[in-house]
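Okay, structure first, notes after.
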Protein chains: 2
Amino acid sequence: MGAEGHVDGTVGKALDVLDMVASHGRPVRFSDLLTQSAYPKATLYRLLQTLTNQGMLAFDAGQGTYALGVRLVRLAHAAWAQSSLAPIARPYLDELAEKTGETIHLAQMDLGQVLYVDKRNASKPVEMFSSAGKVGPAYCTGVGKAMLAFLDEAALQAAISRQSFHRFTPHTLDSPTLLKQELAAIRDRGHGFDREEHEPGIICCAVPILSRQGRVLGAVSVTSTTARTSLGALEESAPLIKDIAARIAAEAESWRFPEQT
Amino acid sequence: MGAEGHVDGTVGKALDVLDMVASHGRPVRFSDLLTQSAYPKATLYRLLQTLTNQGMLAFDAGQGTYALGVRLVRLAHAAWAQSSLAPIARPYLDELAEKTGETIHLAQMDLGQVLYVDKRNASKPVEMFSSAGKVGPAYCTGVGKAMLAFLDEAALQAAISRQSFHRFTPHTLDSPTLLKQELAAIRDRGHGFDREEHEPGIICCAVPILSRQGRVLGAVSVTSTTARTSLGALEESAPLIKDIAARIAAEAESWRFPEQT
DNA sequence: GACTAAGTTTCACATAATGGAACCAAACGG
DNA sequence: CCGTTTGGTTCCATTATGTGAAACTTAGTC
């Protein structure tokens with residue numbers, strides 16, 4: 001037994017390997033995985049074999065590389081449809097996009113990170129999957145902070161401990177202390193901002209989607225650029241965003257949405 | 001579930017359970033899974049626990065139901081980006097959509113079924129993910145038949161054995177014999193049709209995407225309705241679709257696309 | 001307050017994962 | 001050309017891991 005943390009059982013390891021392949025972003029050689037994996041040769045090999053048999057990985061015989069398999073895409077569709085807010089929120093996002101004419105993001109919390117599950121792009125219409133499924137930092141995005149602000153103490157602590165606090169721009173809040181102040185302000189206001197904290201020139205106004213019991217289900221945001229508008233102007237649509245968020249929450253509630261951490 | 005053969009090891013079972021949850025399409029109770037799973041109570045229970053720990057499933061304590069977890073959505077993004085034609089094909093599909101003004105599908109083969117990986121919708125712009133990741137029958141869709149037509153004998157045989165040949169409409173080709181005739185015609189022509197074989201009123205013209213060695217990478221189709229146009233009219237865009245398919249193939253080639261069965 | 005259905009835990013047991021080492025096959029280099 | 005390295009696959013004794021019948025604990029019912 002290697003000195004591993006909470007990787008329970010064989011499936012844990014298998015999924016770990018999956019993640020490893022995913023993180024590379026392109027087909028990987030066996031040896032690449034071997035060097036970074038801590039698993040012994042034979043074990044890793046069998047794990048890869050199994051995953052390939054199962055269609056979770058695709059092996060390119062020509063190049064000897066492994067890539068994520070299509071079975072994953074199929075599963076993902078189901079996952080997206082049944083355990084994300086996206087299908088429920090769709091019409092509301094459409095409405096918000098039309099009314100504001102700006103880019104809309106719908107996100108959920110996933111292990112301290114922001115997981116984007118849907119998007120409406122102002123100018124270029126279609127462009128999905130490519131952005132749905134993307135993850136981003138929680139501490140320096142509008143949706144991230146909006147969700148963090150309404151987590152209970154334990155969950156917040158867990159989430160904060162997972163943040164990297166990398167300083168993307170001069171405006172990034174790069175410490176737990178600064179972040180907590182900001183979160184308090186967001187709780188008061190009911191909405192948060194991204195003041196070019198993640199990318200220069202990109203600003204947004206975000207609102208959490210809360211269940212009746214105050215549980216954080218997700219967040220919606222309206223994004224724009226400093227070139228086109230200002231934070232003040234964006235804030236004017238805060239009531240509208242809140243309305244949309246509330247309606248999404250209500251709909252989710254009636255659909256008996258599973259609680260997730 | 002003895003029907004499907006090689007359930008290798010624990011991960012095989014775990015993934016099997018995942019599929020089971022996915023197939024329900026909505027949160028499932030433990031007992032529902034139990035009745036249909038053939039796994040004994042305790043085993044299924046532990047499997048579910050593990051998957052939940054791993055974030056592949058989300059457990060709703062309030063209702064005692066399991067749903068697919070968000071980790072899948074995250075993985076899917078990577079899968080879609082690295083092992084599907086979609087990211088490569090995107091600009092070409094845009095072009096095709098613009099030129100034809102019709103609905104465009106991009107599909108790949110997955111275990112004898114058609115897996116849609118991207119779509120451009122004529123009228124309603126955004127509506128993705130909802131359809132990317134969807135699967136459909138191969139024997140009665142344009143993209144499906146276009147791909148089947150260019151499989152080698154072994155792969156074709158394997159694929160055909162997986163078809164249900166359900167008679168969706170009066171036009172459905174509901175036997176291997178009929179299908180094989182049609183495939184020969186498609187091979188000659190270089191493009192195939194859907195003559196309302198899957199849904200009444202829906203027709204399309206589809207072209208396979210082939211690698212230089214003749215391997216089937218996927219297929220593109222232009223879809224419309226009998227109300228709006230005719231097969232003959234659709235066929236006029238066949239050369240255009242072929243051109244697009246060829247360009248996608250070329251691009252995929254240069255990107256050293258992994259071969260997949 | 002007995003009865004049932006749904007979910008969770010236990011525990012003796014056997015299967016199935018483990019990993020060091022041997023093996024094979026290309027590529028390399030002298 | 002033949003020894004050597006690198007990258008990948010298979011063996012096999014060892015034991016950790018997963019197994020599932022049955023016991024148990026809730027939570028609902030009548």
Side-chain angles (χ1 to χ4, degrees), chain A residues 1-21 24 26-67 69 256 258-261, chain B residues 1-2 4-21 24 26-69 256 258-261:
Chain A
M1 279 271 290
E4 285 305 291
H6 19 225
V7 183
D8 47 358
T10 318
V11 298
K13 289 175 201 168
L15 295 175
D16 185 33
V17 170
L18 253 197
D19 270 346
M20 235 157 69
V21 176
H24 265 84
R26 62 196 171 71
V28 222
R29 243 179 210 71
F30 175 80
S31 54
D32 299 335
L33 291 170
L34 185 58
T35 51
Q36 75 173 258
S37 78
Y39 296 120
K41 234 186 188 182
T43 303
L44 179 64
Y45 181 69
R46 258 176 299 104
L47 246 25
L48 286 170
Q49 287 243 110
T50 305
L51 288 170
T52 306
N53 275 338
Q54 294 296 326
M56 300 295 279
L57 291 179
F59 180 64
D60 178 351
Q63 302 221 109
T65 56
Y66 295 89
R256 301 306 264 120
E259 324 212 322
Q260 46 197 347
T261 326
Chain B
M1 325 223 85
E4 286 303 301
H6 345 228
V7 182
D8 44 2
T10 317
V11 298
K13 289 175 199 167
L15 295 175
D16 186 32
V17 170
L18 254 196
D19 271 346
M20 237 158 68
V21 176
H24 266 83
R26 61 196 171 71
V28 221
R29 246 185 269 307
F30 174 81
S31 55
D32 299 334
L33 291 170
L34 186 57
T35 52
Q36 76 172 254
S37 80
Y39 297 120
K41 235 185 188 180
T43 302
L44 179 64
Y45 180 70
R46 260 176 297 106
L47 245 27
L48 287 170
Q49 287 245 108
T50 306
L51 287 170
T52 306
N53 276 338
Q54 294 296 326
M56 301 294 281
L57 290 179
F59 180 64
D60 178 350
Q63 303 224 108
T65 56
Y66 295 88
L68 294 181
R256 297 305 266 118
E259 323 211 325
Q260 43 197 350
T261 326

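Lettering of chains follows the sequences in order, A, B, ..., and the numbering in each one begins at 1. Please read all numbers here as calculations on a predicted model, not as lab measurements.
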How close or far is atom [atom2] of [N] from atom [atom1] of [X], stated in whole angstroms?
X: Leu47(B); N: dT19(D); atom1: CG; atom2: C1'; answer: 11 Å
X: Leu34(A); N: dG20(C); atom1: CG; atom2: C1'; answer: 14 Å
X: Leu48(A); N: dG7(D); atom1: CG; atom2: P; answer: 16 Å
X: Tyr39(B); N: dA21(D); atom1: OH; atom2: C1'; answer: 18 Å

Kindly assign one of parallel, tilted or perpendicular to the pair Phe30(B) and Tyr45(B), based on the angle between their ring planes and the thresholds 30° and 60°.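 Perpendicular.
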Cut-off 3.5 Å, no hydrogens considered: what does the side-chain donor-acceptor table look like for residues 46-53 of chain B, sequence neighbours left out?
residue	atom	partner	partner atom	Å
Thr50(B)	OG1	Arg46(B)	O	2.9
Thr52(B)	OG1	Leu48(B)	O	2.7
Asn53(B)	ND2	Asp8(A)	OD2	2.9

For Arg29(B), side chain to side chain contact (heavy atoms under 4.5 Å, CB included) partners two or more places apart: Ser31(B), Asp32(B), Thr65(B)
Which nucleotides of nucleotides 3-11 of chain C have their base under 4.0 Å from a protein heavy atom (B), which only their sugar-phosphate (S), and which neither (-), written as one string 5' to 3'? ----BBB--
Overall bend - the helix from dG1(C)-dC30(D) to dA22(C)-dT9(D), comparing terminal axes fitted on five pairs, nearest 10 degrees: 40°
State, to 0.1 Å, how close [X] and [Y] come at their nearest heavy-atom pair, and which atoms those are.
X: Pro40(A); Y: Leu34(A); result: C-CD1, 4.3 Å
X: Val17(B); Y: Leu44(B); result: CG2-CD1, 3.9 Å
X: Gln54(A); Y: Gly12(B); result: NE2-CA, 3.7 Å

All side-chain hydrogen bond (donor to acceptor under 3.5 Å, both in side chains) counterparts of Asp19(A), not counting sequence neighbours: Arg71(B)
Between Thr10(A) and dA16(C), is there a side-chain N or O to OP1/OP2 distance below 4.0 Å? no
Taking the side chain as C-beta and beyond, is there a heavy-atom pair between Met20(A) and Ser37(A) under 4.5 Å? yes
